[in-house]
Structure formats: structure tokens, C-alpha cells
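Dumping the structure here so I can ask a few things about it.
Order of appearance sets the numbers: ligands from 1, and atoms from 1 within every ligand. Because the structure is a prediction, the values reported are computed rather than measured.
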Amino acid sequence: TGGQRLLAPGSLHFLSLLTLVSIPTNSISTDCARWCPPKSMCVNATACRCSPGYISSSGEIFTSVLESCDDINECGPSSTVSCGNFSDCQNTEGSYYCTCIPGYELVSGARTFRNKSENMCRDVDECQLKPRVCKSRGVCINTQGSYTCECPPGLELNPGDPNLCTDVNECTLGQNPCHTSTHCLNNIGGYECRCRPGWKPVPGSPNGPNNTVCEGAETSDHIVSGTHTNQAE
Ligand SMILES: *[C@@H]1O[C@H](CO)[C@@H](O)[C@H](O)[C@H]1NC(C)=O
Ligand SMILES: *[C@@H]1O[C@H](CO)[C@@H](O)[C@H](O)[C@H]1NC(C)=O
Ligand SMILES: *[C@@H]1O[C@H](CO)[C@@H](O)[C@H](O)[C@H]1NC(C)=O
Ligand SMILES: *[C@@H]1O[C@H](CO)[C@@H](O)[C@H](O)[C@H]1NC(C)=O
């Protein structure tokens, strides 16, 4: 070829000699162990070094072909990593990261960090979130790491949804609060005791859900009236 014509046979020999001489100082092919397992690189012809985040059973550098490089659990009990207060350590393949525990967040708005010195986990004030976390008439109370919804009288937290206040149906509870001469009408947040149809409040009967007492208009000789104590007789 054209290239051959540019070099004298003697200089070709000289070049290959140069290549041979330079092998020990800068060639990878002969100085590098070829058996280095995944997640490792050769150090020289007889040793491999695990990639950062990985370790073999005989350490970072090893000389046995039987070794493998396994993920270091930086979050494990013997680890030197410390994420700090209100945080969780999450191990990953070859690495790790720290997150704030639920109910806490980094002041910076970042999601992760790597060192206790970067831990800025602060309580989230859920009561300032939009939309409001407590639905209906619930009153939000912020707590460290969480919040609660408190319900006004006559409402209670929904057992299936701790953010939702639902009406208590006082009329279906075991103890109907109304006098037997009335019927109970549930409403949101309370109840009413109303005279049965055609009945009227007993004159002078005190008002109030538990005290309304009614009498049947046509059966005045069988007035159903009186207080709870009278009934108990
Ligand atoms: C290869 O590297 C290992 C670890 O640094 C060292 O102990 C060993 O002596 C080296 N071998 C050669 C032939 O340089
Ligand atoms: C982390 O918690 C410990 C124990 O609760 C406390 O003594 C320390 O002051 C806290 N550190 C920070 C930075 O809040
Ligand atoms: C965490 O930060 C401290 C202080 O900046 C530093 O001394 C330490 O080496 C760091 N640790 C890690 C695992 O990066
Ligand atoms: C009305 O009666 C209910 C059930 O007996 C009771 O729990 C409630 O305290 C009473 N309310 C008043 C204002 O007396």
C-alpha cells in the first residue's frame, strides 16, 4: 500500500521495538487482569479493585478469581453513613441516599441528601397545605410529623377517612336522646326531638332536645308525658 512506501524497512522494525518497550508502562492489555468480575476494574495483572459502592469479601482490592464485588449496604448497622434526625437511609445498587421521614421535608425543597450535615428535615405544617387536608368542618391541628382533624360537636371522624368529619346520627344510637313522646330527627351536627304527628308539646314543658315532652291531642286521659324519672316508675 501507499503507507509502506513511506517507511524504510529499518524504521518499521524500530517502531515495533518501541511498542514492545512501552508495553510495561502504558499498555492496558498485559497489565490488566482479565478476570476482574462485574463492578470491578483491574489494578494490575493480578489484582482487581471494586467500583465505588461495592466490596469483595477480602476488601476493595482482591487477587482471587473467586471473589465478586457486591453492593455495600451503606444504610446497614455497621455503616459509617448517618442521615441524621427525622430521616431514612435508602440503600441502592452501588450507592445510597437519605430522605426525610414522612411528615418532614427538606427546607430547600430537595427530595434527597447524602449526609447528616445536609439534613434540614423539618416538620411539614399540613394545616397550611392547599387544598385543605381536613375536609368538611374538620379543624386541622398540626403535630410533629403529622396532623389531626378535629370535629365540631355532633360530628365525628369518619372511621374510613381520618380527614373527614361526618355527622353523628344521634337518633340511631342505642340511646335515643329524645323523650318517648317525641320522635328524633337527625340533622348535621345535632338532632331535634319533635312531637309525633298530631301531638303537641305539653304546656310548660321545657325546651331542649332531651326535654321536649308532647301529649296526644285526642287522648288527653292517656297523656304520655312527664320527665325521665316519671317514666322510670
Ligand atoms: C498488583 O496490585 C496489588 C494491589 O495494589 C499489589 O499488592 C500487587 O503487588 C500488585 N502486583 C504487581 C505485579 O504489581
Ligand atoms: C437529633 O436528635 C437528638 C436526640 O433526639 C438531639 O439531641 C439532637 O439535638 C438532634 N439534632 C438536631 C440537629 O436536631
Ligand atoms: C458528612 O459531612 C461531614 C461534615 O461535612 C464530613 O466530615 C463527612 O465526611 C461526611 N460524610 C460522608 C459519608 O460523606
Ligand atoms: C341528652 O341525652 C343524651 C342521651 O341520653 C345525653 O348523652 C345528652 O348528654 C343529653 N343532653 C343534654 C343537653 O342533657
Side-chain angles (χ1 to χ4, degrees), residues 3-4 7-133 140-148 162-163:
Q4 269 176 328
L7 293 165
S11 57
L12 257 182
H13 178 73
F14 175 69
L15 275 177
S16 33
L17 199 72
L18 249 188
T19 314
L20 277 172
V21 167
S22 65
I23 281 171
T25 52
N26 60 19
S27 166
I28 297 167
S29 54
T30 52
D31 252 9
C32 186
R34 293 177 176 232
W35 48 266
C36 288
K39 307 299 179 189
S40 74
M41 281 179 63
C42 66
V43 175
N44 54 31
T46 56
C48 308
R49 180 198 304 270
C50 291
S51 307
Y54 293 84
I55 194 105
S56 83
S57 61
S58 45
E60 188 187 347
I61 295 173
F62 53 95
T63 53
S64 165
V65 293
L66 301 176
E67 292 287 0
S68 62
C69 290
D70 302 309
D71 174 48
I72 297 170
N73 182 1
E74 290 86 355
C75 303
S78 58
S79 168
T80 52
V81 166
S82 171
C83 291
N85 291 344
F86 311 123
S87 72
D88 276 332
C89 184
Q90 311 281 334
N91 185 50
T92 63
E93 266 298 301
S95 191
Y96 75 95
Y97 58 90
C98 304
T99 55
C100 297
I101 57 171
Y104 290 79
E105 67 186 0
L106 290 173
V107 177
S108 66
R111 299 226 159 244
T112 65
F113 56 100
R114 283 180 63 86
N115 194 328
K116 186 164 66 174
S117 65
E118 301 163 9
N119 179 324
M120 302 284 268
C121 295
R122 297 280 179 281
D123 174 53
V124 175
D125 185 352
E126 291 85 358
C127 297
Q128 303 302 317
L129 298 179
K130 302 276 157 52
R132 293 170 58 221
V133 288
C140 185
I141 313 284
N142 186 50
T143 62
Q144 276 296 307
S146 190
Y147 67 94
T148 54
N163 294 339

- Message: Considering both backbone and side-chain atoms of Y96, is one of its nitrogen or oxygen atoms within less than 3.5 Å of a nitrogen or oxygen in ligand 3?
- Response: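 By distance alone, the answer is no.
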- Message: Under the salt bridge (Lys or Arg N to Asp or Glu O under 4.0 Å) definition, can you give me all pairs with a residue in residues 95-106, not counting sequence neighbours?
- Response: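 Matches after skipping sequence neighbours: none remain.
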- Not counting sequence neighbours, which residues clear side chain to side chain contact (heavy atoms under 4.5 Å, CB included) with S95? List them please.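 Only T92, R114 meet the side chain to side chain contact (heavy atoms under 4.5 Å, CB included) criterion with S95.
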- Qualifying residues under ring-ring contact (aromatic ring centres under 6.0 Å, His included), relative to Y147, sequence neighbours excluded: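 So Y147 forms no ring-ring contact (aromatic ring centres under 6.0 Å, His included) with any residue.
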- Message: If the criterion is any heavy atom closer than 4.0 Å to an atom of ligand 1, which residues make the list?
- Response: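 Within the 4.0 Å shell of ligand 1, which is judged on heavy atoms, sit V43, N44, T46, A47, I61.
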- Message: Please tell me whether S146 and E126 have a donor and an acceptor in their side chains that are separated by less than 3.5 angstrom.
- Response: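 No.
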- Query: Is V43 close to C48 at the side-chain level, that is, under 4.5 Å between some pair of heavy atoms?
  - Reply: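 C48 vs V43: side chains apart.
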- Message: Does the SG of C98 lie under 2.5 Å from the SG of C83?
- Response: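 Correct, these two cysteines form a disulfide.
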